[in-house]
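Here is the structure we will look at, set down as structure tokens.
A quick note: this is a predicted structure, and the numbers were derived from the prediction, not measured. A, B, ... follow the sequence lines: proteins, then strands. Residue 1 opens every chain.
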Number of protein chains: 2
Amino acid sequence: MMSLQVTFHQVAPGSYSDMRSRKKARTRLAIQDAALDLFADQGYDETTVEQIALRADVSASTFFRYFGSKADIILNDYDSQLGQLCAAVRDQPLEIRDLEAVRRALQATWVPYVDPVRTIRTERAVARSAFLCGVAYNIGRGWMDAVAAALVERRGDPDALEECLLIARTALGVFGGATEQWVSSEAKEDFGALIDQGFEMLQRMCRG
Amino acid sequence: MMSLQVTFHQVAPGSYSDMRSRKKARTRLAIQDAALDLFADQGYDETTVEQIALRADVSASTFFRYFGSKADIILNDYDSQLGQLCAAVRDQPLEIRDLEAVRRALQATWVPYVDPVRTIRTERAVARSAFLCGVAYNIGRGWMDAVAAALVERRGDPDALEECLLIARTALGVFGGATEQWVSSEAKEDFGALIDQGFEMLQRMCRG
DNA sequence: ATCAAATTGACAGTTGACTATCAACTGACA
DNA sequence: TGTCAGTTGATAGTCAACTGTCAATTTGAT
């Protein structure tokens, strides 16, 4: 998936020790923040790089020094969080069903760390643009694959991949639905409770 | 969802009776076909309107007379097929569980009518472009909403919307997974069987 | 065959994403 | 304080999507 590769361009990550690096990190964040605000307000296509640069108080040239393309802005690295989620899935005791393992892992590694404001803004931006939808979809897909792999590893049965993929897909579907409800309540409702509710519903739905 | 609205531009649908209209319909299809071929081969972003026009034996001007934008090409109207699916869902006898109702409706109104070649080509194009992913995602979303509405109507219980949404989401997840398997087998496997298999797996996954 | 309307291609122009270059500036360090 | 590498803004230019216009061609009706 070429268009989804995260390109760090000329800005190396890590080693934010000296003033220079700290300033760069600040600039990077400022650009991202400005862009997401504008995307949420006007839509992705309707926002020009010049507008983003203006709001972030940099020149268009500088923008392209920090991000290889307009698309790169939102190709955040959720990698660390995804890693934790997968580790938590793997660490669930074996006597617990797969679906329940994913539920617990989500509750432990994701729910406590979501930022409501950022989530709402991102969701709004995504809802307005087919391109951003695609990016979100692919991120979700990456999660699905990783979670499925974690489940397979937990079981120790490589033949179960197809089944684990379905489990991961279903679990992330529940997660997505809960997120949607949460966002549409403007984060007023309890996110964790919404997720549990979704999993219970799934249970009921399959039994009859 | 502004960017996903189907704009018929200057070409009115329906009433393809006389020679002129028939020719227009043919041109329209030729452009769509050329575009999808190129998208599948080179990717969406990497394909220029000029290339599409060239392959379809028209000028770029003509291209923009048929499609308001490059994106419009793939914003096909699956409306009729979606309508049939929903009708089939509504018509399933009440003693059948929701999930099973959707499964039967899919088997009856969708599986027999898929074109393998076209599906494979489309899937390949979608896999290469974040934008096309987004379009596909939104189409899927429209399905989810419509199927959920059909389920609510079948039950006659408007309060069940949230639950029906989850059911529709899960069913379409199974459907999506099966489609993926089918495509990756190059349509060699039995599509209907893959779908049934997915639903059975879902059953097992929730129980045990 | 002929006329009016629809359709088309050629061409010129606008916009915005993105690249390349260079001179000016800023922080790190001796 | 002065030097130097790293960072920046301004400028000019490319490329492709998209718009508008006009003359040439094709089609339907008479």
Just how far, in rounded Å, is [atom2] of [N] from [atom1] of [X]?
| X | N | atom1 | atom2 | result |
| --- | --- | --- | --- | --- |
| B/Arg28 | C/dT7 | CZ | P | 14 Å |
| B/Lys24 | C/dA6 | NZ | C1' | 8 Å |
| B/Tyr44 | D/dA16 | OH | C1' | 12 Å |
| A/Phe67 | C/dG16 | CZ | P | 21 Å |
| B/Ile73 | D/dA17 | CD1 | C1' | 12 Å |
| B/Glu46 | D/dA17 | CD | P | 11 Å |
| B/Arg22 | D/dT26 | CZ | P | 19 Å |
| A/Arg65 | C/dC22 | CZ | C1' | 11 Å |

field: Any N/O donor-acceptor pair, B/Ser61 side-chain to C/dA10 base, under 3.5 Å
entry: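 Indeed there is one.
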- request: Apply ring-ring contact (aromatic ring centres under 6.0 Å, His included) to A/Phe39 and list each qualifying residue two or more places apart in sequence or on a separate chain.
  value: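 Scan of A/Phe39 (ring-ring contact (aromatic ring centres under 6.0 Å, His included), adjacent residues dropped) gives A/Tyr44.
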[X]: side chain to side chain contact (heavy atoms under 4.5 Å, CB included) partners, not counting sequence neighbours:
| X | value |
| --- | --- |
| A/Ala88 | A/Ala105, A/Thr109 |
| B/Asp159 | B/Asp157 |
| A/Val49 | A/Phe63, A/Phe64, A/Lys70 |

- prompt: Which residues pass the salt bridge (charged side-chain N to carboxylate O under 4.0 Å, His left out) test with B/Arg55, sequence neighbours left out?
  reply: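 B/Asp37.
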- request: With sequence neighbours left out, write down each residue that passes salt bridge (charged side-chain N to carboxylate O under 4.0 Å, His left out) with B/Arg103, or none if nothing qualifies.
  value: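 Per chain and number, B/Arg103 pairs via salt bridge (charged side-chain N to carboxylate O under 4.0 Å, His left out) with B/Glu100, B/Asp196.
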Set out, line by line, the N/O atom pairs under 3.5 Å between protein and nucleotides 27-30 of chain C.
| from | atom 1 | to | atom 2 | distance (Å) |
| --- | --- | --- | --- | --- |
| C/dG27 | N3 | A/Arg20 | NH2 | 3.2 |
| C/dA28 | OP1 | A/Met19 | N | 3.3 |

query: Which nucleotide, D/dC18, C/dA10, D/dT8, lies nearest any side-chain atom of B/Phe64?
result: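 Nearest to the side chain of B/Phe64 among the choices is D/dC18.
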message: With a 4.5 Å cut-off on side-chain heavy atoms, are B/Arg118 and B/Asp33 touching?
response: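 Answer yes - side chains close enough.
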field: Summary of salt bridge (Lys or Arg N to Asp or Glu O under 4.0 Å) pairs that have at least one residue in residues 164-185 of chain A, sequence neighbours excluded
entry: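 Sorted pair list: A/Arg169-B/Glu180, A/Glu180-B/Arg141, A/Glu180-B/Arg169.
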task: Answer yes or no: does a side-chain N or O of B/Lys70 lie under 4.0 Å from OP1 or OP2 of D/dC18?
output: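 Looking at the OP1 and OP2 atoms of D/dC18, neither is under 4.0 Å from any side-chain N or O of B/Lys70.
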- request: Using a cut-off of strictly less than 4.0 Å, decide whether B/Tyr66 has a side-chain nitrogen or oxygen near OP1 or OP2 of C/dT8.
  value: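 So the side chain of B/Tyr66 is within the cut-off, an N or O lying under 4.0 Å from OP1 or OP2 of C/dT8.
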- request: Tell me yes or no: between the side chains of A/Thr62 and A/Ser59, is some donor less than 3.5 Å from an acceptor?
  value: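 Judged by distance alone, the side chains do pair up.
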task: Taking only heavy atoms on the protein side, list every residue of residues 49-57 of chain A lying under 4.0 Å from any atom of DNA chain D, sorted numerically.
output: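 Heavy-atom cutoff 4.0 Å gives no residues at all.
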